[in-house]
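Please read these numbers as outputs of a predicted model, since none were measured by experiment. Here is how names work: the chains are called A, B, and so on, in the same order as the sequence lines, proteins then strands, and each is numbered from 1.
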Amino acid sequence: MLHLALESRLQAAVAAVLPGVSVDTVRVRPASDSKFGDYQSDALMSLARARKCNPRQLATDVVARLEIADLCEPVEIAGPGFLNFRLRPGSIEAVLLSALRGEHLFFSSTPRGRTRTVVIDYSSPNVAKPMHVGHIRSTILGESLARVLRLLGHRVVTDNHIGDWGTQFGMLLLGWKTLLDAAALDQDPIAELERIYKAVNASCREHPDTLEQARAELVRLQAGDSENLTIWREMIRLSQVQFDAVYGRLGVRFDHTLGESFYNPWLGDVVEQLMARGIARESEGAIAVFSDGTVPPKEDPFLISRDGEWVANPALIRKSDGAYNYATTDLATLDYRIKTWAPDEIVYVTDGRQQLHFRQLFQAFHRWQPDAAGRVRLIHAWFGSILGEDGKPFKTRSGETVKLSDLLDEAEERALRVVVEKRPELDAAVQREIARKIGLGAVKYQDLLPNRQSDYVFSWDKMLALTGNTAAYVQYQCTRAGKVLRDSGVLPGSWVTGPALILEAPAEGALARHLLSFGLTLEAVADECRPNLLCNYLYELAGLFSRFYDSCPVLKAEEPARSTRLALCDLTGRVLRQGLECLGIEAPETM
RNA sequence: GCACGGGUAGCUCAAUUGGAUAGAGCGUCGGCCUCCGAAGCCGAAGGUUGUGGGUUCAAUUCCCGCCCCGUGCACCA
């Protein structure tokens, strides 16, 4: 909050000293160490370097023009040219008071620039298959980004691009007609669909005629055969029931679920347009997009080096049998989204193995519709794989993928064991509800905590650990803050007329300063698609609160310490709750 | 072969994108409940940031070489 005020004053001073220089890079941020004050800026050093002048001299000149006496003490020039800002007593207290009055919660919900429209594409499970651990990162990461962007005042459109079309439906239709067990379908639809798919798939490998039959079913579906369409729609409906159950548990909600099949009517047109513009051409019976040679080979997604030579690495948009690929669907999808929502950004949350595909997709689209491409920022927010203890892609002992619903069950069970042990006096139903929030929080937090681009090793014990840097720790500090507030008897809204706040103890100041950085953190999460920054922020805030709680009695303190500390409990609780909500994690009242 | 990631404490990971003394958790060792909730707090040990060079006031971060690991590279998505 305050850093923005300091930043604009500093930018004005820099502009006065160096007219014409771009001040965008002049930033003020929280001090790396409290001995340097509250805020610092290192911007003048790089500026001096670019202008080939003495950094300390530049700092002296800028500080002379700096008008911030109302906000902080005289600015100190340190080391090679750092500016250290020490806030005047009362500055932080004033921000806390305005937060207590409900004017803000240390972030701005009206963007500084223009309000952006952001389409987010995430989760994207496949019809007729169980959702498994492979879907967890995309789902949780995408949901978190959507929540943060919305909180910051942007217009967000979430779209679940489910896999409801493709060659697998030939086998599924054949299996449905020849192998389906109606009772089993009733009992567990997805398991039965998976069973018939695997059976037909295995049979295809041995019997060429089974493969031929499956292809025939696919052709009938694509031709609009009414029986096959009916079965296909039923498979989608059954799958959607499963998706909804999982999303309901996870608290995930989509604005739209426009699967691959939605775009079928436009695919032929996409291919024709690309051919007409010379972007795509026939090759070995298929139709593909090739390099146009406008970028260096190393950066060209349509070229690849093999045995020391750059050879074509085309993106197929129509197979030799006439069927379309996902590149085609993705192009049509991109076109539809831009025409429908006019987004400023489209974020794709998928795993890192699809990087080349998206580079090709983005470049092909840019060549196809340069004007539209110029108005939208396309972002592939990719993430690493979940590995087993052996460092290979994560599977169960029997080699199956782990179902998401089983994972969530196990998380809740493990959490329940802890709750029952710690709080035996609570009702069973209350224990279960607390365990639900803790168990699901544990799964989500462990998934969001590592840098999204790195692989992580799956471990039940680590994922469901309830100590250390975990959701449970943050949730626990949240309940402590809430408990103190409840015990105090303070009525909501009574702060407006309450006594003045005075921060005195070091633990109070450290906690308060960190509260002020909430907005900075949210902005960084939105800019870089990295919720792990928010996890780290919340963990640090929870830790600062815990130390404050340990060293500063609240209810027994004399005024004004009592009010100040109650205010810190209130605001910390609110920020922790809001932050957890951004991660899709619920905060229990008690645990 | 080429591209994209990664290599940081015994293990799992951070490090506000070039900033001031590289931080957490788990594990190990030692302290703290007569006091608002101990799912907590305090302290100790643990590092040549894979490696060799370069750029500069400053490099885990940027550039070049090399060594490991992962992923991708024409009709699956």
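For the ring pair (Phe, Tyr, Trp, His ring centres under 6.0 Å) condition, no pair includes a residue of residues 286-319 of chain A, sequence neighbours left out.
Considering only side-chain N and O atoms, Arg480(A) lies under 4.0 angstrom from the phosphate OP1 or OP2 of A38(B). Close to C36(B), at under 4.0 Å from its OP1 or OP2, lies no side-chain N or O of Lys556(A). The phosphate of C36(B) (OP1 or OP2) has no side-chain N or O of Lys483(A) nearer than 4.0 angstrom.
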What pairs of nitrogen or oxygen atoms, one from the protein and one from nucleotides 27-34 of chain B, lie under 3.5 Å apart?
none

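The residue among Thr590(A) and Gln477(A) whose nearest nucleotide of RNA chain B lies closer to the 5′ end is Thr590(A). Projected onto RNA chain B by closest heavy-atom contact, Asn313(A) and Gly543(A) fall at different nucleotides, the more 5' of which corresponds to Gly543(A).
At the heavy-atom level, Cys535(A) lies nowhere under 4.0 Å from the strands shown. Counting non-hydrogen atoms under 4.0 angstrom, Glu284(A) reaches a base of the nucleic acid. Residue Gln40(A) is classed as a base contact, given a heavy-atom separation below 4.0 Å to a base. Residue Arg423(A) is classed as a base contact, given a heavy-atom separation below 4.0 Å to a base.
Contacts of residues 435-448 of chain A with RNA chain B (heavy atom under 4.0 Å): Ile438(A).
On the C1' atoms, A24(B) is 10 Å away from A15(B), given to the nearest whole Å. U21(B) and U60(B) have their P atoms separated by 11 Å, given to the nearest Å. Atom P of A3(B) sits at a distance of 10 Å from the matching atom of G65(B), rounded to the whole Å. Nucleotides A77(B) and C73(B) place their C1' atoms 15 Å apart, quoted to the nearest Å. As rounded to the nearest Å, A58(B) and C66(B) have C1' atoms that lie 26 Å from one another. The same atom, P, is picked in U61(B) and in A44(B); the two are 29 Å apart, to the nearest Å. Rounded to the nearest Å, the gap between the C1' atom of C33(B) and that of C42(B) is 14 Å. Rounded to whole Å, the separation between the C1' atoms of U28(B) and C64(B) comes to 42 Å.
Stacking between Tyr476(A) and G40(B) is absent: the ring centroid is not both under 5.5 Å from the six-membered base ring centre and under 30° in plane angle. An aromatic stacking contact links Phe36(A) with the base of A20(B), defined here by ring centres under 5.5 Å apart and ring planes under 30° from parallel.
One can place CG of Leu316(A) at 13 Å from C1' of C73(B), the figure rounded to the nearest angstrom. The distance from atom CG of Leu485(A) to atom C1' of G37(B) is 15 Å, rounded to the nearest whole Å. As a whole-Å value, the separation of Asp550(A) CG from G43(B) P is 11 Å. Rounded to whole Å, the distance from CZ on Phe169(A) to C1' on A77(B) is 12 Å. Taking atom CG on Asp42(A) and atom C1' on G19(B), their separation rounds to 6 Å, with Å as the unit. Rounding to whole angstrom units, CZ of residue Arg49(A) and P of C62(B) are separated by 16 Å. Taking atom CG of residue Leu544(A) and atom P of nucleotide C42(B), one finds them 10 Å apart after rounding to whole Å. Counting to the nearest Å, the C1' atom of G40(B) and the CE atom of Met591(A) are 11 Å from each other.
Residues passing the ring-ring contact (aromatic ring centres under 6.0 Å, His included) test with Phe548(A), sequence neighbours excluded: Phe545(A). Scored by the side-chain hydrogen bond (donor to acceptor under 3.5 Å, both in side chains) test, Glu508(A) finds Arg565(A) as partners (sequence neighbours excluded). Take Asn325(A) and apply the side-chain hydrogen bond (donor to acceptor under 3.5 Å, both in side chains) test, not counting sequence neighbours, and it matches no residue. Under the side-chain contact (heavy atoms from CB on, under 4.5 Å) criterion, Ala472(A) pairs with Ile438(A), Leu466(A), Thr470(A), Gln475(A), Met591(A), not counting sequence neighbours. For Asn536(A), the side-chain hydrogen bond (donor to acceptor under 3.5 Å, both in side chains) criterion is met by no residue, not counting sequence neighbours. Annotation: side-chain hydrogen bond (donor to acceptor under 3.5 Å, both in side chains) contacts of Glu412(A) (sequence neighbours excluded): Arg249(A).
Between Ile317(A) and Leu331(A) the shortest heavy-atom distance is CG2-CD1, 4.3 Å. Nearest heavy-atom pair across Glu589(A) and Arg486(A) is OE1-NH1, 3.0 Å. Heavy atoms only, all atoms of each residue included: Leu218(A) and Thr167(A) are closest at CD2-CA, 3.8 Å.
With its glycosidic angle more than 90° from 0, U12(B) adopts the anti conformation. Applying the 90° criterion around 0 to the glycosidic angle, C41(B) comes out anti.
One N or O on the side chain of Arg452(A) and one on the backbone of Cys529(A) form a donor-acceptor pair closer than 3.5 Å. The backbone N or O of Trp382(A) sits nowhere less than 3.5 Å from a side-chain atom of Gln355(A) that would complete a donor-acceptor pair.
Nearest to the side chain of Tyr539(A), among A38(B), A24(B), C41(B), sits A24(B). Listed nucleotides C36(B), C57(B), A74(B) differ in distance to Met45(A); the shortest reach to its side chain belongs to C57(B).
Between Val474(A) and the options Leu576(A), Asn469(A), Leu583(A), a side-chain contact (heavy atoms from CB on, under 4.5 Å) holds for only Leu576(A).
Ion pairing between a basic and an acidic side chain is recognised when a charged N comes within 4.0 Å of a carboxylate O; Arg432(A) and Glu413(A) show no such pairing. Salt bridge annotation for Glu586(A)-Arg436(A): present, with a cationic side-chain nitrogen under 4.0 angstrom from a carboxylate oxygen.
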Given Watson-Crick and G-U pairs under 3.5 Å, RNA chain B in dot-bracket ([ ] crossing, | other strand) is (((((((..((((.....[...)))).(((((.......))))).....(((((..]....))))))))))))....
With sugar-phosphate taken as primed atoms, P, OP1 and OP2 and all else as base, the protein-contact string of nucleotides 2-16 of chain B at under 4.0 Å (heavy atoms; B, S, -) is SSSS-------SSS-
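Residue side chain Thr350(A) does not reach the base of A77(B) through any donor-acceptor N/O pair under 3.5 Å, judged by distance alone.
Note: Phe358(A) and Tyr348(A) have tilted aromatic rings, judged against thresholds of 30 and 60 degrees for the angle between ring planes.
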N/O donor to acceptor pairs below 3.5 angstrom from side-chain atoms of residues 551-560 of chain A, sequence neighbours left out:
{"from": "Ser551(A)", "atom 1": "OG", "to": "Arg547(A)", "atom 2": "O", "distance (Å)": "3.0"}
{"from": "Glu559(A)", "atom 1": "OE1", "to": "Ser563(A)", "atom 2": "N", "distance (Å)": "3.2"}
{"from": "Glu559(A)", "atom 1": "OE1", "to": "Ser563(A)", "atom 2": "OG", "distance (Å)": "2.9"}
{"from": "Glu559(A)", "atom 1": "OE2", "to": "Ser563(A)", "atom 2": "OG", "distance (Å)": "3.0"}

